[in-house]
Colleague: 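The structure's right below; bear with me while I get my questions together.
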Amino acid sequence: MESLADFIAGMPKAELHLHIEGTLEPELMIALGRRNGISLPYPDAATARKAYNFSDLQSFLDIYYRATAVLITQEDFYDLTIAYLKKAASQNVRHAEIFFDPQSHTARGIPFETVISGIERALLEANSSLNISTKLIMCILRHLSEKEGFEIFDKAFAWKHWIAGIGLDSSERGNPAEKFMNLFELAHQEGFLTVAHAGEEGSADSVRQTLDILHVTRIDHGVHCMEDDALVAELAEKQIPLTVCPLSNVRLKVFESMKQHNLKAMLQKGLCVTVNSDDPAYFGGYVNENYIEAAKALQLDEKDIIQLAKNSFTASSLSSIHKQLYLTEIDRYIHQT
Ligand code: ADE
Ligand code: ZN
């Protein structure tokens with residue numbers, strides 16, 4: 001019998017909560033800084049890694065947005081994205097729904113077209129050479145105004161054929177869902193998939209408001225939903241997916257340690273939870289490490305791992321035929337191990 005870590009590594013999975021800017025490994029950040037003549041607060045990758053000690057979400061976001069300064073050309077966005085996709089494919093990620101934060105680039109004078117065309121080139125290449133399917137989700141930064149959100153939404157319109165969904169990320173505290181009510185209404189009218197971060201640093205109430213006001217299909221994180229029994233019952237009954245990121249939650253002090261994480265309790269409540277890496281270059285692991293660390297600390301067994309992997313496809317925005325194909329891959333994998 002192989003180890004649970006090997007079982008996890010070989011399992012076909014989808015990743016549904018991944019910020020492409022959060023995959024900027026320190027080595028690539030330093031290399032791109034040199035290539036583009038951008039000075040960084042770190043002399044080398046090891047020093048950068050040591051500086052990645054976060055006290056909360058905001059302390060991370062400050063460092064994360066500063067690092068995007070090295071991303072300038074279409075080639076940079078391609079290099080960033082293809083590096084993630086190679087890593088994901090090596091971990092048996094078969095489908096990835098990838099967030100990008102265009103406002104963090106356009107604010108620095110980088111054209112929207114540069115960002116999306118670099119990312120798209122990598123997605124197309126991965127589709128043919130890495131055997132991984134992808135979708136792109138454009139996130140709106142919630143610390144900025146809804147008006148600024150509409151400005152980027154308008155820009156994205158010309159690229160609608162490449163953008164499957166609209167998301168909402170950045171600082172949850174002080175930026176409630178209702179601030180983006182009109183923007184998400186338009187996103188629905190235009191037929192986009194909609195998702196939003198909620199219940200990461202915010203409470204169960206934030207999850208409730210995000211569902212009631214923004215009518216999103218999935219909640220990103222959502223771990224604080226567990227404070228409200230009625231909400232948990234509703235999320236379980238409607239099987240609204242929650243894209244949980246265990247290593248992120250520990251590194252950003254949402255939980256004191258992995259042992260305190262409520263992933264297993266969420267599964268036991270029948271919630272449609274998935275495991276994801278959020279910003280793997282900053283939080284110490286990609287999707288497999290998230291499964292493995294959570295499994296070790298919370299005593300997840302093979303049945304739990306299978307459930308989480310199946311959830312990752314059922315919670316995706318793939319067509320039902322594609323979901324079925326991937327679920328069959330999981331069944332085949334289980335029977336051969
Ligand atoms: N942007 C990148 N990572 C994020 C996170 N964990 N929460 C909110 N916004 C983010
Ligand atoms: Zn996130």
Side-chain angles (χ1 to χ4, degrees), residues 14-25 29 52-69 71 80-81 84 88 96-107 115 119 135-144 148-149 152 165-177 179-180 193-203 206-207 209-210 214 216-225 241-255 261 263 273-287 289-290 312 315:
E15 171 139 72
L16 307 179
H17 183 159
L18 180 280
H19 303 262
I20 199 65
E21 293 86 354
T23 69
L24 180 60
E25 290 288 344
M29 175 177 70
Y52 293 170
N53 279 312
F54 312 113
S55 49
D56 57 10
L57 175 60
Q58 194 58 52
S59 66
F60 156 69
L61 290 173
D62 293 343
I63 285 177
Y64 162 88
Y65 292 128
R66 201 177 315 138
T68 62
L71 298 164
L80 175 73
T81 309
Y84 163 68
E97 302 199 352
I98 298 174
F99 298 142
F100 72 121
D101 281 339
Q103 288 163 295
S104 66
H105 311 302
T106 54
V115 178
I119 295 173
K135 297 212 181 201
L136 200 50
I137 299 176
M138 182 180 90
C139 281
I140 304 292
L141 297 182
R142 68 198 302 161
H143 65 272
L144 300 179
E148 287 163 296
I152 205 76
I166 301 294
L168 184 66
D169 67 358
S170 192
S171 328
E172 189 178 357
R173 216 167 270 150
N175 297 294
K179 189 174 156 186
F180 297 93
L193 159 79
T194 58
V195 299
H197 284 53
E200 179 187 20
E201 57 178 8
S203 64
S206 169
V207 176
Q209 284 167 26
T210 302
L214 304 185
V216 292
T217 302
R218 294 197 297 254
I219 295 285
D220 294 313
H221 294 295
V223 290
H224 282 122
C225 75
L242 303 159
T243 63
V244 172
C245 307
L247 284 171
S248 164
N249 293 155
V250 173
R251 294 295 293 271
L252 300 187
K253 312 276 194 284
V254 175
F255 296 96
H261 201 290
L263 175 71
V273 277
T274 69
V275 166
N276 309 271
S277 65
D278 204 7
D279 302 285
Y282 293 90
F283 301 148
Y286 286 76
V287 75
E289 289 78 21
N290 272 274
S312 74

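One-based numbering, in listed order, for ligands and for the atoms of each.
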Colleague: What's the verdict on side chain to side chain donor-acceptor pair (under 3.5 Å) for Thr243 and Asp220, showing C-alpha distance, side-chain angles and the deciding distance?
Modeller: CA-CA 5 Å; Thr243 63; Asp220 294 313; 2.6 Å; yes

Colleague: Please indicate how many protein N/O/S atoms are found closer than 2.8 Å to the Zn ion (ligand 2), with waters neither displayed nor included.
Modeller: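 Step by step: take the Zn ion (ligand 2), keep protein N, O, S below 2.8 Å, and you get 4.
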
Colleague: Could you tell me whether Phe283 and Phe60 have their ring centroids closer than 6.0 angstrom?
Modeller: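 Ring-ring flag for Phe283/Phe60: true, centres closer than 6.0 Å.
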
Colleague: Among residues at least two apart in sequence or on other chains, which ones pass side-chain contact (heavy atoms from CB on, under 4.5 Å) with Pro241?
Modeller: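 Only Arg218, Cys272, Ala315 meet the side-chain contact (heavy atoms from CB on, under 4.5 Å) criterion with Pro241.
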
Colleague: Would you mind reporting whether His261 and Val223 have side-chain heavy atoms less than 4.5 Å apart?
Modeller: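 They are in contact (side-chain heavy atoms under 4.5 Å apart), so the answer is yes.
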
Colleague: Going by the rule side-chain contact (heavy atoms from CB on, under 4.5 Å), which residues pair with Leu61 if we only count those two or more places apart in sequence or in a different chain?
Modeller: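 Result, side-chain contact (heavy atoms from CB on, under 4.5 Å) vs Leu61: Leu57, Gln58, Tyr64, Tyr65, Ser170, Ser171.
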
Colleague: Evaluate His19 against Asp278 for side chain to side chain donor-acceptor pair (under 3.5 Å), listing each step before the verdict.
Modeller: CA-CA 6 Å; His19 303 262; Asp278 204 7; 3.0 Å; yes

Colleague: For ligand 1, would you mind listing the residues that have at least one heavy atom less than 4.0 Å away, ordered by chain and number?
Modeller: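 Residues His19, Leu57, Phe60, Leu61, Tyr64, Asp169, Ser170, His197, Glu200, His221, Asp278, Asp279 each place a heavy atom under 4.0 Å from ligand 1, listed by chain and number.
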
Colleague: Begin with the C-alpha distance, continue with both residues' side-chain angles, and end with the deciding distance and a verdict on side chain to side chain donor-acceptor pair (under 3.5 Å) for Ser277 and Asp279.
Modeller: CA-CA 6 Å; Ser277 65; Asp279 302 285; over 6 Å; no

Colleague: Could you check, using the six-membered ring where one of them is a Trp, whether His17 and Phe99 have ring centers closer than 6.0 angstrom?
Modeller: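 Ring-ring flag for His17/Phe99: true, centres closer than 6.0 Å.
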
Colleague: Any chance the side chains of Tyr282 and Glu25 put a donor and an acceptor closer than 3.5 Å?
Modeller: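 Tyr282 vs Glu25: no donor-acceptor pair found between side chains.
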
